A.B. asks: 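Have a look at this one before I ask anything.
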Number of protein chains: 4
Amino acid sequence: MNILAIGDVVGSVGCRFLREKLPPLKKLKAVNLVIANGENSADGNGLTPSSVRYLLDSGVDALTSGNHSFRRKESYDTYDECEQLLRPANFPAGAPGRGYFVYDMGRTQVGILNLMGTVYMDPLDNPFFTADALLNDTPKITVVDFHAEATGEKRSMGYYLDGRVSALWGTHTHVQTADECVLPKGTGYISDLGMTGTVESVLGVQPELTIHKMKTQMPVRFDLVQDGPCKMDCCLFEIDDATGRCRSAERLELR
Amino acid sequence: MNILAIGDVVGSVGCRFLREKLPPLKKLKAVNLVIANGENSADGNGLTPSSVRYLLDSGVDALTSGNHSFRRKESYDTYDECEQLLRPANFPAGAPGRGYFVYDMGRTQVGILNLMGTVYMDPLDNPFFTADALLNDTPKITVVDFHAEATGEKRSMGYYLDGRVSALWGTHTHVQTADECVLPKGTGYISDLGMTGTVESVLGVQPELTIHKMKTQMPVRFDLVQDGPCKMDCCLFEIDDATGRCRSAERLELR
Amino acid sequence: MNILAIGDVVGSVGCRFLREKLPPLKKLKAVNLVIANGENSADGNGLTPSSVRYLLDSGVDALTSGNHSFRRKESYDTYDECEQLLRPANFPAGAPGRGYFVYDMGRTQVGILNLMGTVYMDPLDNPFFTADALLNDTPKITVVDFHAEATGEKRSMGYYLDGRVSALWGTHTHVQTADECVLPKGTGYISDLGMTGTVESVLGVQPELTIHKMKTQMPVRFDLVQDGPCKMDCCLFEIDDATGRCRSAERLELR
Amino acid sequence: MNILAIGDVVGSVGCRFLREKLPPLKKLKAVNLVIANGENSADGNGLTPSSVRYLLDSGVDALTSGNHSFRRKESYDTYDECEQLLRPANFPAGAPGRGYFVYDMGRTQVGILNLMGTVYMDPLDNPFFTADALLNDTPKITVVDFHAEATGEKRSMGYYLDGRVSALWGTHTHVQTADECVLPKGTGYISDLGMTGTVESVLGVQPELTIHKMKTQMPVRFDLVQDGPCKMDCCLFEIDDATGRCRSAERLELR
Ligand SMILES: [Fe+2]
Ligand SMILES: [Fe+2]
Ligand SMILES: [Fe+2]
Ligand SMILES: [Fe+2]
Ligand SMILES: [Fe+2]
Ligand SMILES: [Fe+2]
Ligand SMILES: [Fe+2]
Ligand SMILES: [Fe+2]
């Protein structure tokens with residue numbers, strides 16, 4: 001089975017680009033399942049019922065999220081109602097929605113787990129223990145989106161779950177890393193998928209705005225770059241259906 | 001001119017691997033100048049007079065550093081005495097050594113600037129203003145090692161200095177990013193070079209130790225992985241001598 | 001001379017309480033100069049032209065601020081136009097307004113300096129160096145509001161400026177500390193003045209909201225407590241006019 | 001019942017001062033139970049078997065700790081063996097020792113809970129949920145040491161446990177706060193007890209060292225002030241034995 005994981009889709013400009021590029025890529029690479037991080041899919045950050053709908057209608061099978069999961073109140077019901085939309089499982093009990101979901105593909109089931117790091121981020125529950133709690137009765141093929149900042153935490157989680165999940169990818173930094181690999185015990189891994197949106201930007205945002213913020217420490221509204229070339233950062237994991245092990249991890253940057 | 005920038009060299013195992021791989025790479029790619037980040041070149045972190053000497057004797061022309069610059073007291077004199085060894089220029093006035101240096105290659109001079117980020121890091125001087133102060137009377141070819149954590153800060157600095165320096169690379173996360181490019185105004189750029197050391201590790205450290213730290217929050221000594229395959233993460237910037245603009249940025253991971 | 005320093009005035013409820021209590025206190029204690037931190041004087045945080053006007057009309061002579069200085073765009077002109085309103089002096093160059101001001105009392109001048117810490121706060125310029133730069137040609141009587149989080153940074157600044165200023169008080173935590181004193185070289189000191197606003201609150205905010213935030217890590221709007229008993233936390237520094245030294249620091253909590 | 005809670009005892013100089021002042025204070029105030037935070041009782045930080053023994057032999061009945069609990073390997077067995085020594089209960093499962101303990105006073109039992117905050121501190125388990133889990137079958141009289149940095153988190157926990165525990169005090173900042181009170185539902189409260197050790201210091205440390213750290217951002221060993229006047233910061237909670245409610249909270253600073 002070929003699972004395509006897509007980095008944070010940023011704004012409507014990123015959503016439109018995904019809709020354009022995903023269908024041919026699925027054909028080209030015989031993709032069976034598509035998972036994208038949608039935490040920034042709404043213009044102005046977070047996600048909305050309509051950005052979720054748009055991405056699912058564009059060929060994405062499941063959506064994960066992260067520290068911007070709950071930025072928009074209008075999305076809370078969607079977390080509860082739409083089981084293909086996940087938020088990090090290690091949010092405190094009582095958060096809308098869920099962080100783990102089994103995608104039923106008929107012949108096969110695929111477990112999808114969304115976790116968030118705690119280094120330089122919010123003090124959620126310890127993701128290592130949350131992983132232990134949720135990964136004991138999972139389908140043979142199970143994958144993880146670990147939304148985290150620090151490379152040390154991401155690679156630690158990779159080794160921690162190596163051999164226990166089919167693939168684990170990082171999201172959140174919006175910059176793709178080049179350390180894709182299959183870890184020693186068979187888990188496909190990449191520290192960060194990157195982002196889907198405009199190329200000439202700072203994580204999707206207009207560079208002059210982020211520079212202004214850092215030079216002045218004043219409040220700045222982070223408007224997105226609206227035109228110019230786009231890219232879709234992603235990684236394709238080829239999974240052995242019989243064993244659940246990853247055969248290869250192919251990093252992609254679609255322009 | 002071809003400038004090779006090498007990611008954080010970790011421990012004696014990383015130093016030895018660099019000594020083995022650098023000479024042939026220099027020949028292969030006609031490298032004119034080699035700059036490596038040496039902040040973790042000593043076993044047990046930081047750098048020492050002997051790890052500095054070892055790297056310079058291995059074909060490295062200049063060394064930069066970062067948040068671990070001053071971890072070892074025995075290195076302070078080396079910062080003062082060895083002008084090829086830099087520490088971030090935005091340390092408060094009075095720190096040992098310097099953060100900017102002009103490497104004299106005879107026919108050509110190359111300015112080398114070392115800066116450190118302040119997002120999720122120590123509160124050094126604002127690196128954007130330090131860059132402004134130091135980059136007004138520099139050689140046509142000037143390059144920057146921006147030692148920083150957050151991708152937003154790194155890419156902001158890239159755009160900020162685009163057209164003002166020949167190349168800017170990030171270091172510190174020990175994971176190579178795949179966003180190497182030439183920015184619109186001619187500056188070669190990559191968010192992080194990665195590291196030089198053992199492949200199956202968490203930034204050089206034994207994964208079971210970093211996992212133990214994150215699962216227990218107890219103090220843990222971070223011993224390095226001592227054997228297994230190594231890699232040297234680096235990026236080659238081809239600079240136009242006449243204009244100082246970057247023609248191409250080639251990301252490399254030498255095994 | 002008796003200088004009264006008043007802790008962060010929170011919301012219109014805090015402003016009204018100050019207007020009620022300040023005039024009699026000034027008479028009671030023969031106060032010559034009143035300085036209050038106004039960074040939260042507007043409902044919904046930050047300050048506005050009208051909250052500034054209200055406080056100055058209530059008997060406050062000068063206002064300092066902090067990390068919420070620039071929360072409201074409508075206040076930027078006020079920083080430029082009203083010299084009795086300060087923001088931390090170690091904001092990067094170019095910020096609206098100023099961080100140091102000499103209050104002219106006719107016979108006497110009083111220097112007022114506003115600084116902000118960088119531990120657990122924004123990476124402003126190093127406040128120790130900013131203090132050095134601004135405190136070399138100041139009136140005999142000069143006082144400092146150091147808006148900071150960490151007690152270590154606050155007490156360090158206290159000792160650093162001991163003997164160089166007449167008084168230094170901390171603000172920002174909204175909880176009054178009990179370490180008021182005259183430091184060995186004559187500077188009046190307290191780590192935090194506390195706040196002016198509702199007593200049964202979490203820094204002015206409704207406790208159920210801050211608890212909800214910490215239990216859920218979801219976005220929460222921090223509405224203020226609007227009724228119930230109020231207090232005005234402050235500290236009275238008695239300064240020797242001839243030497244500028246502090247004779248006594250009297251901590252007060254007015255109900 | 002009168003319970004005396006004593007702020008972080010810093011170094012052997014603090015331990016000796018406590019041994020001198022505690023016995024007469026116990027008599028003077030008819031103290032029934034003494035709880036001190038011992039996380040810095042060893043010179044060079046953390047605690048050791050001998051600093052624990054020294055404090056227990058000096059009249060302290062139980063010791064709590066915090067972010068420095070596990071600084072010294074030689075103390076780990078003591079956490080396991082000495083039930084009067086607590087560490088924060090919200091450390092991940094598997095940490096040495098325990099975070100909750102029932103002190104048996106014969107006629108009465110007193111529950112003692114140690115928690116740690118997560119704002120600006122390590123990402124331990126959410127202390128609000130840990131409190132819920134541990135506070136459901138406790139003695140009528142139960143008290144809490146909440147070792148935390150941010151006043152917002154401390155006061156939130158105070159209101160959260162108001163009416164559920166007899167008293168809750170904060171530790172960690174080493175500066176006593178002046179907000180001692182009985183909360184509306186009967187819980188005695190203070191945001192921070194302060195420290196036990198030298199007066200003219202930055203949290204016990206020599207001011208020139210902490211200033212040097214903040215001016216240079218270089219590594220500095222934090223040696224303690226060894227002489228000069230000392231103080232013991234503490235708070236006395238008078239608890240109604242029949243109801244477990246707090247009748248009064250008296251803040252003390254013993255010189
Ligand atoms: Fe994102
Ligand atoms: Fe994110
Ligand atoms: Fe490094
Ligand atoms: Fe580093
Ligand atoms: Fe405030
Ligand atoms: Fe503040
Ligand atoms: Fe402490
Ligand atoms: Fe502490």
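Keep in mind the model is a prediction, meaning the values are calculated, not measured. Chain letters run A, B, ... following the sequence lines, proteins first and then strands; every chain starts at 1.
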A.B. asks: With the side chain counted from C-beta on, respond yes when C:Leu224 and C:Val10 share a heavy-atom pair under 4.5 Å apart, and no when they do not.
C.D. replies: yes

A.B. asks: Can you tell me which portion of C:Val199 sits under 4.5 Å from chain D's heavy atoms? Options are side chain, backbone, both or neither.
C.D. replies: backbone

A.B. asks: For chain D, which of C:Gly158, C:Gly194, C:Pro127, C:Pro184 has the most heavy-atom pairs under 4.5 Å?
C.D. replies: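 Most pairs with chain D among the choices: C:Pro184.
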
A.B. asks: Is any side-chain heavy atom of C:Leu193 closer than 4.5 Å to one of C:Ile6?
C.D. replies: no

A.B. asks: Heavy atoms, side chains only, cut-off 4.5 Å: are C:Ile35 and C:Val143 in contact?
C.D. replies: yes

A.B. asks: Enumerate, by atom name, each donor-acceptor pair separated by under 3.5 Å where one atom lies in chain D and the other in chain C.
C.D. replies:
from     : atom 1 : to       : atom 2 : distance (Å)
D:Asn126 : ND2    : C:Met214 : O      : 3.0
D:Thr151 : OG1    : C:Thr173 : O      : 2.8
D:Arg155 : NE     : C:Ser201 : O      : 3.1
D:Arg155 : NH2    : C:Val199 : O      : 3.3
D:Arg155 : NH2    : C:Ser201 : O      : 3.1
D:Ser156 : OG     : C:Thr210 : OG1    : 2.8
D:Tyr159 : OH     : C:Glu200 : OE1    : 2.5
D:Tyr159 : OH     : C:Ser201 : N      : 3.1
D:Tyr160 : OH     : C:Lys215 : NZ     : 2.6
D:Thr173 : O      : C:Thr151 : OG1    : 2.7
D:Gln176 : O      : C:Ala178 : N      : 2.7
D:Ala178 : N      : C:Gln176 : O      : 2.7
D:Val199 : O      : C:Arg155 : NH2    : 3.3
D:Glu200 : OE1    : C:Tyr159 : OH     : 2.6
D:Ser201 : N      : C:Tyr159 : OH     : 3.1
D:Ser201 : O      : C:Arg155 : NE     : 3.1
D:Ser201 : O      : C:Arg155 : NH2    : 3.2
D:Thr210 : OG1    : C:Ser156 : OG     : 2.8
D:Met214 : O      : C:Asn126 : ND2    : 3.0
D:Lys215 : NZ     : C:Tyr160 : OH     : 2.6

A.B. asks: Do the side chains of C:Val202 and C:Pro207 get nearer than 4.5 Å, heavy atoms only?
C.D. replies: yes

A.B. asks: State, yes or no, whether a side-chain contact exists between C:Ile3 and C:Leu236 at a heavy-atom distance under 4.5 Å.
C.D. replies: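 Not in contact.
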
A.B. asks: Considering only heavy atoms from C-beta outward, does the side chain of C:Leu252 approach that of C:Leu4 to under 4.5 Å?
C.D. replies: yes

A.B. asks: Determine, step by step, whether D:Leu203 and D:Val175 satisfy the side chain to side chain contact (heavy atoms under 4.5 Å, CB included) criterion, reporting the C-alpha distance in whole Å, the side-chain angles of both residues, the deciding distance to 0.1 Å, and the verdict.
C.D. replies: CA-CA 7 Å; D:Leu203 324 186; D:Val175 171; 4.3 Å; yes

A.B. asks: If I measure from the heavy atoms of chain C, does D:Leu183 come under 4.5 Å with its side chain, its backbone, both, or neither?
C.D. replies: side chain

